[in-house]
Amino acid sequence: MKKILSQGFILIMILFSAKSMAQDLTSKKEDLSSGDIFVAVEIAADFPGGIYGFRDFVKTNFKIPKKAVRKKMKAEISMQFIVEKDGSLSDIKVLNNPGFGLDEEALRVLQLSPKWKYASLNGKKIKSLKTFSIYIDTENEKDKRIYFEKK
């Protein structure tokens, strides 16, 4: 019986200590006007028209380089960027470079992006970090060469 009680007490202590270490986004009282960049937010940054609008924007503007088509490329291009407080994009990066000009084209397309709806936390505009991937398969039919979910 003592063993069960002591194990229960230990379990309760672990649960309470884990709760105290967890990040509570809603109770933070810090100044959000600093240059901090957030991943966890209350309202996420969003492209005008939502995720499907963003996908349409990328598909419309992304031109697969001819050298990638000649090489019959099948690749993933992972991107990362910051949505600023005013909705503009900054610090745009290609996280992996499949080559053949695909990285430059991905950067070019994101630089064309209209302003996004900014992210917010505790009712204040904040910078937020976004990542996404573009998948290319040049052996597909022309209108199905660019997609956004791994097949």
Side-chain angles (χ1 to χ4, degrees), residues 11 13-151:
L11 181 61
M13 293 305 295
I14 290 172
L15 289 174
F16 279 113
S17 65
K19 172 71 174 141
S20 67
M21 291 189 301
Q23 182 181 13
D24 183 6
L25 293 175
T26 58
S27 66
K28 277 192 163 186
K29 300 293 184 208
E30 69 184 55
D31 178 21
L32 297 178
S33 63
S34 67
D36 293 339
I37 300 165
F38 293 82
V39 177
V41 299
E42 286 175 346
I43 300 175
D46 200 13
F47 185 83
I51 187 66
Y52 296 108
F54 180 62
R55 290 175 176 180
D56 287 342
F57 172 81
V58 171
K59 282 181 109 171
T60 300
N61 291 286
F62 197 100
K63 308 296 180 219
I64 300 173
K66 290 180 182 175
K67 54 188 167 184
V69 174
R70 282 194 302 271
K71 289 287 185 179
K72 298 182 179 178
M73 288 291 298
K74 186 173 188 176
E76 175 182 1
I77 309 162
S78 296
M79 307 285 298
Q80 177 179 312
F81 56 91
I82 295 169
V83 179
E84 296 287 339
K85 293 176 187 180
D86 69 354
S88 63
L89 304 186
S90 68
D91 201 25
I92 302 168
K93 296 177 186 171
V94 175
L95 300 177
N96 65 318
N97 183 357
F100 302 101
L102 291 168
D103 59 329
E104 290 98 348
E105 182 60 11
L107 284 170
R108 184 191 72 79
V109 170
L110 276 185
Q111 289 167 346
L112 292 174
S113 176
K115 288 191 174 188
W116 287 47
K117 296 174 192 165
Y118 58 83
S120 67
L121 180 62
N122 295 333
K124 303 215 186 245
K125 295 180 182 182
I126 58 168
K127 294 179 179 183
S128 67
L129 184 68
K130 300 291 270 185
T131 57
F132 78 99
S133 292
I134 303 170
Y135 297 92
I136 306 291
D137 187 348
T138 59
E139 293 184 340
N140 283 348
E141 298 172 33
K142 203 166 193 162
D143 65 331
K144 295 181 181 174
R145 289 182 176 176
I146 299 171
Y147 51 98
F148 302 91
E149 294 170 12
K150 206 169 202 170
K151 293 183 178 181

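- Proximity of L89 to E84: side-chain heavy atoms (C-beta onward) are nowhere separated by under 4.5 Å.
- Side chains of P98 and I77 form a contact here, defined as non-hydrogen atoms less than 4.5 Å apart.
- Checked against side chain to side chain contact (heavy atoms under 4.5 Å, CB included), D137 has the following partners two or more places apart in sequence or in another chain: K74, E139, N140, Y147.
- Residues F62 and L112 are not in side-chain contact: their nearest non-hydrogen atoms beyond the backbone lie 4.5 Å or more apart.
- E42 places a side-chain heavy atom less than 4.5 Å from the side chain of N122.
- Between F132 and the options F57, F54, F47, a ring pair (Phe, Tyr, Trp, His ring centres under 6.0 Å) holds for only F54.
- When the side-chain hydrogen bond (donor to acceptor under 3.5 Å, both in side chains) test is applied to S113, the partners found at least two apart in sequence or on another chain are W116.
- Not counting sequence neighbours, F148 has no partner by the ring-ring contact (aromatic ring centres under 6.0 Å, His included) test.
- Applying the side chain to side chain donor-acceptor pair (under 3.5 Å) rule to pairs touching residues 62-72 yields nothing, sequence neighbours excluded.
- Atom CG of L107 sits about 11.5 Å away from atom NZ of K93, to the nearest 0.5 Å.
- Judged as a salt bridge (charged side-chain N to carboxylate O under 4.0 Å, His left out), and not counting sequence neighbours, D56 has no contacts.
- For E104, there are no side chain to side chain contact (heavy atoms under 4.5 Å, CB included) partners at least two apart in sequence or on another chain.
- Using a 4.5 Å cut-off on side-chain heavy atoms (C-beta onward), I136 and I146 make contact.
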